J.: 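Starting off with a structure, shown below.
Residue numbers count from 1 along this sequence. None of these values were measured; they are calculated from a predicted model. Whatever order the structure lists them in is the order used to number ligands and atoms, beginning at 1.
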Amino acid sequence: MFDSLQEKLTKTLRNVQGKGRLSERNMEDTLKEIRIALLESDVNYMVVKDFLEKVRQESIGQDVLNSVEPGQLLVKIVHDQIIELLGAKDSSLNFASEGLSKIMIVGLQGTGKTTQAAKLANLLKKQGRKPILLAADIVRPAAIEQLQTLGRQIDVEVYSEGIDVPVLAQVENGIRYAQDKGYDTAIIDTAGRLQIDEELMDELKNIKDLIHPEEILLTVDAMTGQDIVNVANAFNDLLQVTGLILTKFDGDSKGGAALSVKAVTGVPIKYTGVGEKIGDLETFHPDRLAQRILGMGDVVSFVEKAQEEMDMKMAEETANRLMEGKFTMDDLLNSIEQSRKLGPLSSIMRMMPGMSDMANAINDADADDQLKKIKAIIQSMTPAEREDPSIMRSSHKRRIAKGSGTRVDDVNKLCNQYDKMKKLVKSMSSMRSMFRM
Ligand SMILES: Nc1nc2c(ncn2[C@@H]2O[C@H](COP(=O)(O)OP(=O)(O)O)[C@@H](O)[C@H]2O)c(=O)[nH]1
Ligand SMILES: [Mg+2]
């Protein structure tokens with residue numbers, strides 16, 4: 001999977017690398033080629049559009065690093081955006097804090113529910129949990145037998161009352177049985193259909209409402225094309241799916257549709273099925289997959305290193321200036337950018353003791369807008385104004401507001417904040433010299 005996408009992306013990006021400088025013009029050409037590569041690999045067109053817009057924005061906003069070729073920088077940007085597209089780093093499952101955790105496996109017929117249910121039981125067992133499998137696809141005896149065979153293979157009990165007891169009753173009994181026997185995780189293998197149908201959806205919804213599962217995992221067959229996105233949406237709308245398992249990832253399809261599912265539904269990918277054998281289930285790591293899709297790990301880590309060095313140098317310079325009581329708008333801009341690299345404001349605050357309440361109240365999108373605004377204002381100032389904002393008259397402020405797409409009010413607010421911070425810096429540096437004496 002992803003062979004042709006990787007080939008095309010790599011070729012496109014190597015071409016830019018050869019060009020030395022990244023201009024508006026060859027950037028457009030490159031973005032066009034990336035667009036074609038993604039579309040030809042079956043990535044959903046809305047997802048492609050978003051993706052390219054983000055790559056474009058990131059590229060424009062990037063500082064030039066002396067030691068890095070612009071083309072290399074673009075590789076890094078594309079790499080980061082693929083990770084963003086694939087979603088959260090945390091693919092771990094939610095478990096009940098005590099008692100039995102319930103994991104429902106749902107999906108269309110043949111997408112690999114039964115197989116992944118057993119693979120997951122096997123994986124959890126290795127992690128020290130006590131799983132049991134519940135057969136909730138009871139229309140065909142063969143489906144139950146399949147689960148029982150897999151269960152024997154991994155030595156995990158399978159609960160089933162055959163094909164005559166209604167499925168909801170079986171699930172209810174099975175959960176009670178699992179609790180009585182001291183199991184900690186019940187994995188429910190549900191029925192599928194070739195297409196979404198109302199009866200199936202009702203059945204799944206009823207099971208959900210009955211047992212309130214900690215996880216509802218949707219198996220998505222990576223070999224299917226674009227329609228997969230609609231199917232995933234339908235399941236998610238009705239059941240509020242908590243995670244995706246992308247199955248048949250070992251196949252030779254183009255894979256782009258599978259990549260789009262997370263972006264379109266917002267549901268995180270938790271596992272990938274990479275073969276028919278019991279051991280063929282992998283916890284999902286977006287960074288690893290991004291590496292595979294792009295295949296330019298050397299360039300990515302090179303740029304990362306250069307960025308880190310640059311960050312350290314800048315942080316050091318800023319710190320030195322602050323020690324001397326100097327603080328310009330450029331310093332303010334630098335410190336904002338440094339702190340933004342740590343992650344969203346709310347997550348930074350969550351790391352600080354006693355700040356979690358405040359962190360919850362923060363809207364990261366708003367905070368982000370605010371920071372963007374400040375950045376735009378400072379970038380619209382002349383070097384002299386950044387050095388000493390007190391030289392600005394009203395006409396200057398009007399020019400800056402216009403240049404940054406903000407209002408004079410915003411410019412004034414920033415100047416006030418700056419003044420306060422400067423005073424703080426001054427008093428800190430004089431305290432420091434007092435201590436030195
Ligand atoms: N290559 C490959 N085949 C898989 C994978 N997962 C399941 N299968 C196969 O897909 C077919 C359907 O799987 P099954 O679990 O019965 O699907 P269900 O109808 O959703 O329960 C079986 O032949 C499985 O062996 C996978 O990750 N890779
Ligand atoms: Mg099945």
J.: What protein heavy atom sits nearest atom 28 (N) of ligand 1, and how far off is it?
T.: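 I find the closest protein heavy atom is D250 OD1, 2.9 Å.
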J.: Could you list which atoms of ligand 1 come closer than 4.0 Å to a heavy atom of V274?
T.: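 Near V274, meaning under 4.0 Å from one of its heavy atoms, ligand 1 has 27 (O).
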J.: If the cut-off is 4.0 Å to any non-hydrogen atom of K113, which atoms of ligand 1 fall inside it?
T.: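 Counting atoms of ligand 1 from 1, those under 4.0 Å from K113 are 15 (O), 17 (O), 18 (P), 19 (O), 20 (O), 21 (O).
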J.: Among all the protein's non-hydrogen atoms, which is closest to atom 6 (N) of ligand 1, and how far away is it?
T.: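 For atom 6 (N) of ligand 1, the nearest protein heavy atom is Q116 NE2, 2.8 Å.
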J.: Could you give all pairs that pass the salt bridge (Lys or Arg N to Asp or Glu O under 4.0 Å) test and reach residues 217-230, with sequence neighbours left out?
T.: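 Found D221-K248.
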J.: Considering only protein heavy atoms, which is closest to atom 3 (N) of ligand 1, and at what distance to one decimal place?
T.: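 Here the closest protein heavy atom is E276 CG, 3.3 Å.
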J.: Can you tell me if T219 contacts ligand 1 (heavy atom of the residue under 4.0 Å from the ligand)?
T.: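 Distance cut 4.0 Å: T219 fails for ligand 1.
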J.: Atom CZ of residue position R35 - does it have more than 12 heavy atoms of other residues, nucleotides or ligands inside 6.0 Å?
T.: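 No, the 6.0 Å shell around CZ holds no more than 12 heavy atoms from other groups.
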J.: May I ask which of E282, K248, K277, K119 has a heavy atom nearer to atom 11 (C) of ligand 1 than the others do?
T.: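 Nearest option to atom 11 (C) of ligand 1, by heavy atoms: K248.
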J.: Just by modelled atom types, is the E40 backbone N or O under 3.5 Å from a matching donor or acceptor in the K8 side chain?
T.: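 No: the side chain of K8 does not pair with the backbone of E40.
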J.: For atom 19 (O) of ligand 1, find the nearest protein heavy atom and state the residue, atom name and distance (0.1 Å precision).
T.: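 In this structure, atom 19 (O) of ligand 1 has G110 N, 2.7 Å as its nearest protein heavy atom.
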J.: Which atoms of ligand 1 have any heavy atom of Q146 under 4.0 Å away?
T.: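 It comes down to these atoms of ligand 1: 14 (P), 15 (O), 16 (O).
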J.: Of L246, I245, L244, which meets side chain to side chain contact (heavy atoms under 4.5 Å, CB included) against Y271?
T.: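 When L246, I245, L244 are each tested with Y271, the side chain to side chain contact (heavy atoms under 4.5 Å, CB included) holds only for I245.
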J.: At their closest point, which heavy atom of L100 faces which heavy atom of T185, and how far apart are they?
T.: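 Nearest pair, atom of L100 first, then T185: CD1-N, 3.6 Å.
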J.: I'd like to know whether E157 forms a side chain to side chain donor-acceptor pair (under 3.5 Å) with Y177, so could you lay out the CA-CA distance, the side-chain angles of the two residues, the decisive distance to 0.1 Å, and finally the verdict.
T.: CA-CA 11 Å; E157 184 170 3; Y177 176 85; 2.5 Å; yes
J.: What verdict does the side chain to side chain contact (heavy atoms under 4.5 Å, CB included) test give for N122 and V156, after you've listed the backbone C-alpha separation in whole Å, the side-chain angles of each residue and the deciding distance to 0.1 Å?
T.: CA-CA 8 Å; N122 183 52; V156 167; over 6 Å; no
J.: Quick check on L108 - does any of its heavy atoms sit under 4.0 Å from an atom of ligand 1?
T.: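 Under 4.0 Å: yes for L108.
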J.: Is it the case that atom CD in Q109 sees more than 12 heavy atoms from other parts of the structure closer than 6.0 Å?
T.: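 Yes - once you tally the heavy atoms of other residues, nucleotides and ligands closer than 6.0 Å, there are more than 12.
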J.: May I ask you to check if ligand 1 and T114 share an N or O to N or O distance below 3.5 Å?
T.: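 Yes, T114 has an N/O under 3.5 Å of an N/O on ligand 1.
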J.: Write out the residue and atom name of the closest protein heavy atom to atom 14 (P) of ligand 1, then the distance separating them to 0.1 Å.
T.: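 The answer is T115 OG1, 3.4 Å.
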J.: Could you check E215 against K270 for salt bridge (charged side-chain N to carboxylate O under 4.0 Å, His left out), going step by step and ending with a plain yes or no?
T.: CA-CA 11 Å; E215 290 278 353; K270 299 210 167 171; 3.0 Å; yes
J.: Hey, which protein N/O/S atoms does the Mg ion (ligand 2) have under 2.8 Å?
T.: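 As for protein N, O or S atoms lying under 2.8 Å from the Mg ion (ligand 2), they are T114 OG1.
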J.: Would a distance-only check, ignoring hydrogens and angles, find a side-chain to backbone donor-acceptor pair under 3.5 Å from D42 to A257?
T.: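 No, D42 side chain to A257 backbone: no donor-acceptor pair under 3.5 Å.
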J.: Please state whether T111 comes within less than 4.0 angstrom of ligand 1, counting heavy atoms only.
T.: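 Contact present.
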J.: Under the side-chain hydrogen bond (donor to acceptor under 3.5 Å, both in side chains) test against T219, which residue among T111, T115, T247, T114 passes?
T.: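 The side-chain hydrogen bond (donor to acceptor under 3.5 Å, both in side chains) with T219 is passed solely by T111 among T111, T115, T247, T114.
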J.: So which of G273, G112, G275, G107 gets nearest to atom 5 (C) of ligand 1, if we judge by its closest heavy atom?
T.: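 It is G275 that holds the nearest heavy atom.
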J.: Between K413 and D409, is there a salt bridge with N-O shorter than 4.0 Å?
T.: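 K413 and D409: not salt-bridged.
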J.: List the steps, then state whether side chain to side chain donor-acceptor pair (under 3.5 Å) holds for K420 with Q417.
T.: CA-CA 5 Å; K420 274 190 205 145; Q417 278 173 337; over 6 Å; no
